[in-house]
Amino acid sequence: MNKVFIIAEAGVNHNGSIELAKKLIDAAVISGADAVKFQTFKAEKLVSKNAQKADYQKETTNKLESQFDMIKKLELDLDTHKELISYCKTKEIMFLSTPFDHDSIELLNDLGLEIFKIPSGEITNLPYLRKIGELNKRVILSTGMSDIGEIEDALDVLILSGTKKENIIVLHANTMYPSPYEDVNLKAMVTIGNTFNVAFGYSDHTLGIEVDIAAVAMGACCIEKHFTLDKTMEGPDHKASLEPDELKAMVESIRNIELALGSQIKKPSKSEMPNMQIARKSIVSSCSIKKGEILTQNNMTIKRPGNGINPMRWDEIVGTIAQKDYSEDELI
């Protein structure tokens, strides 16, 4: 990829409504993101009926509702997937979705998805990893809650199953919603890239956009960020998501940083070339000099503009003979 791949993570912020999902797609398009991502799962295959919610989910949803009942309402069926994929095509934005079970992997593969996003919770799920690896598609692997050894194991499974290493991007992540800044550990993102010689990026759950921008400045080639139409809506992820104007600001900032990073070659830029003659200096006469006089530190000085002899040649010029008459302040 020649630019940072930005995923606007709609996730389950559609609240089970296809119309809300389409509005999220519209917001992602306006933001300038490269892809909008949802989540594909069957509640019965994802979570047991007595599983507890995460603490952040208890704060943002009905406390008396089980995790199963919460996510059951957020399922997207096959027809809804087809409609959202078609809508994304008309809006010229890539549709992505994270599968959470084997049936969902097959569903998304049958729908023609070219990129498979593996969520942090599945990084230790060997059968799941193997099934995605066998598809030989592009893979984005989130690594929240994992250590370097678990990342190595997951990569080994994917590669041995048939996925090319160059088709994998590994995302550093923290799975707390929202993530405390002191727990982000963004330097670990670079450690992942260096350790495995793999493309790396960042899946962000902090409030705000500054960590995403910092990640790009540190070399991230992919950024994933949750967004919503309204943070006050009921649902597990709305509170820790960006609203549309914030998402747009994040994308614009990333694109600016992307441009500013440049080529690693230190040289005068095209825009500052005209300033060289204005801001730099040349060797000039400090008084009247007659032809044949010796040029010395007493009859020369250094002043703007910079279109004469470079002052770095001062020692070379001192002691030479004036080849013409000079008036004061004239370029030597």
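Residues E330 and K324 are paired through a salt bridge, judged by an N-O separation under 4.0 Å between the basic side chain and the carboxylate. Here R130 does not pair with E134 in a salt bridge; the nearest charged N to carboxylate O distance is not below 4.0 Å. Ion pair K231/E246 flagged as a salt bridge, since at least one NZ, NE, NH1 or NH2 atom sits closer than 4.0 Å to an Asp/Glu carboxylate oxygen. K37 has a carboxylate O that lies under 4.0 Å from a charged side-chain N of E9, or vice versa, which qualifies the two as a salt bridge.
Looking only at side-chain heavy atoms (C-beta outward), I30 and L247 stay at 4.5 Å or farther from each other.
Among residues at least two apart or in separate chains, ring-ring contact (aromatic ring centres under 6.0 Å, His included) pairs with a member in residues 223-250 are Y177-H226, H205-H226. Within the structure, salt bridge (Lys or Arg N to Asp or Glu O under 4.0 Å) pairs that include any residue of residues 166-195 do not occur (at least two apart or interchain). Applying the ring-ring contact (aromatic ring centres under 6.0 Å, His included) rule to pairs touching residues 83-107 yields F38-F95, sequence neighbours excluded.
In this view, Q277 and N307 satisfy the side chain to side chain contact (heavy atoms under 4.5 Å, CB included) rule, not counting sequence neighbours.
More than 12 heavy atoms of other residues, nucleotides or ligands lie within 6.0 Å of NZ in K72, so this atom counts as buried by the packing criterion. More than 12 non-hydrogen atoms from other residues, nucleotides or ligands lie less than 6.0 angstrom from NZ of K165. Crowding of I294 atom CD1: a count of heavy atoms from other residues, nucleotides or ligands under 6.0 Å not exceeding 12.
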Table please: side-chain donor-acceptor pairs of residues 259-266 below 3.5 Å, with sequence neighbours left out.
unit_1: S263; atom_1: OG; unit_2: I265; atom_2: N; d: 3.3

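Cluster partners of Y326 are I283, I289, L295, M300, I302, I309, W314, I317, V318, I332, counting Ile, Leu, Val, Met, Phe, Trp and Tyr whose side-chain heavy atoms approach within less than 4.5 Å, directly or via other members.
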